[in-house]
Amino acid sequence: MNRRSKPKLAITILAAAVIVSALAGFIAPYEPNHMNENAIGVAPSMSHIFGTDNMGRDLFSLILHGGRASLIIGIVSAIIGTLIAAVYGTLSGMANKNVDNQMMKAADLLMSIPELLLIIVLQAILGDASYWSLSLVIGVTSWMQMSKIIRSEVIRLRKSEFVIAAEMYGGSFWYILRRHLFPNYFSSIMFMAVSNVGSAIITESTLSFMGLGLPISEVSWGSLMSLSQDALLSDQWWMIIIPGFVLISVLVSITEIGEYIRGCNTSKHSNI
């Protein structure tokens, strides 16, 4: 069976995005909120390689600092969602049939509610948006589908000798989850965890585009895309093309890496 080739370009792009965003404070030539009245809406040039926006802010600096916000939200929310899915899916898979059915019905009910609507309601309850509040609300609304996959894996694994032995010797739920179940199904859900990073970035971008994301003092890739409406009216093409290209490149890279992980996991199971 031909194994899917490693997406080297996607890994390089994503790694570069993470590194330059983490080092934005050292790499960026200007502060993200520095406004130059003499350089408003300037096209790419030697002094501003990506140009400036309609407030005179350097676009290159904004993209670097914005990547930090978007990636933090994407990674933290994916971690939160994965942890919730792991606990909920394992509980459902280990429970008796009636409890399992009720838990899955509850997950299906939550999945029937539009995710964006649920995020907006939860964010309104928490108050002003921040890195951590957005990460939390996106994370707690993105675990349902993953929990169903985990449940299926747990049902398969609970018949294994090592799980049965751990139960016989009085192993607690958390012990069995941490020691036996999570390590065995982690590779099966890793592609979803990686994909959730991209989904979270898209969600944050959508909220920022709608004016419901981070405050104006906090820049993200989503908030940069929200400026595209003004850019269209003023023919500032660089405000649309450059942030859009960066965002799409990172999202496509995340998708490619997720698909590679899923392909590797499928190949591993087919060879068992």
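The structure presented is a predicted model; accordingly, all values stated were derived computationally and were not measured.
Using a 4.5 Å heavy-atom threshold, the side chains of L14 and I254 count as touching. The shortest side-chain heavy-atom distance between L59 and P243 falls under the 4.5 Å cut-off.
From S70, atom OG reaches atom CG of L247 across 7.0 Å, with rounding to the nearest 0.5 Å. In this structure, W132 CH2 and I80 CD1 are separated by 9.0 Å, a value rounded to the nearest 0.5 Å. To the nearest 0.5 Å, atoms CD (E204) and CD1 (I119) are separated by 11.0 Å. Of the inter-residue distances, the one linking I13 atom CD1 with I257 atom CD1 reads 9.0 Å to the nearest 0.5 angstrom.
Annotation for N96: atom CG counts as buried by contact number, over 12 foreign heavy atoms lying within 6.0 Å.
Without hydrogens or angle criteria, T90 side chain to V87 main chain gives no donor-acceptor distance under 3.5 Å. Judged by distance alone, with hydrogens and angles left aside, the side-chain atoms of T52 form no donor-acceptor pair with the main-chain N or O of H48 at under 3.5 Å. Between the side chain of S253 and the backbone N or O of S249 there is at least one donor-acceptor pair closer than 3.5 Å. No donor-acceptor pair under 3.5 Å is formed between the side chain of W143 and the backbone N or O of L83.
Using a 3.5 Å distance cut-off with no hydrogens or angles, the side chains of Q123 and S133 do pair a donor with an acceptor.
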Candidate pair I120 and L207, rule side-chain contact (heavy atoms from CB on, under 4.5 Å), full reasoning: CA-CA 8 Å; I120 292 173; L207 291 172; 4.0 Å; yes
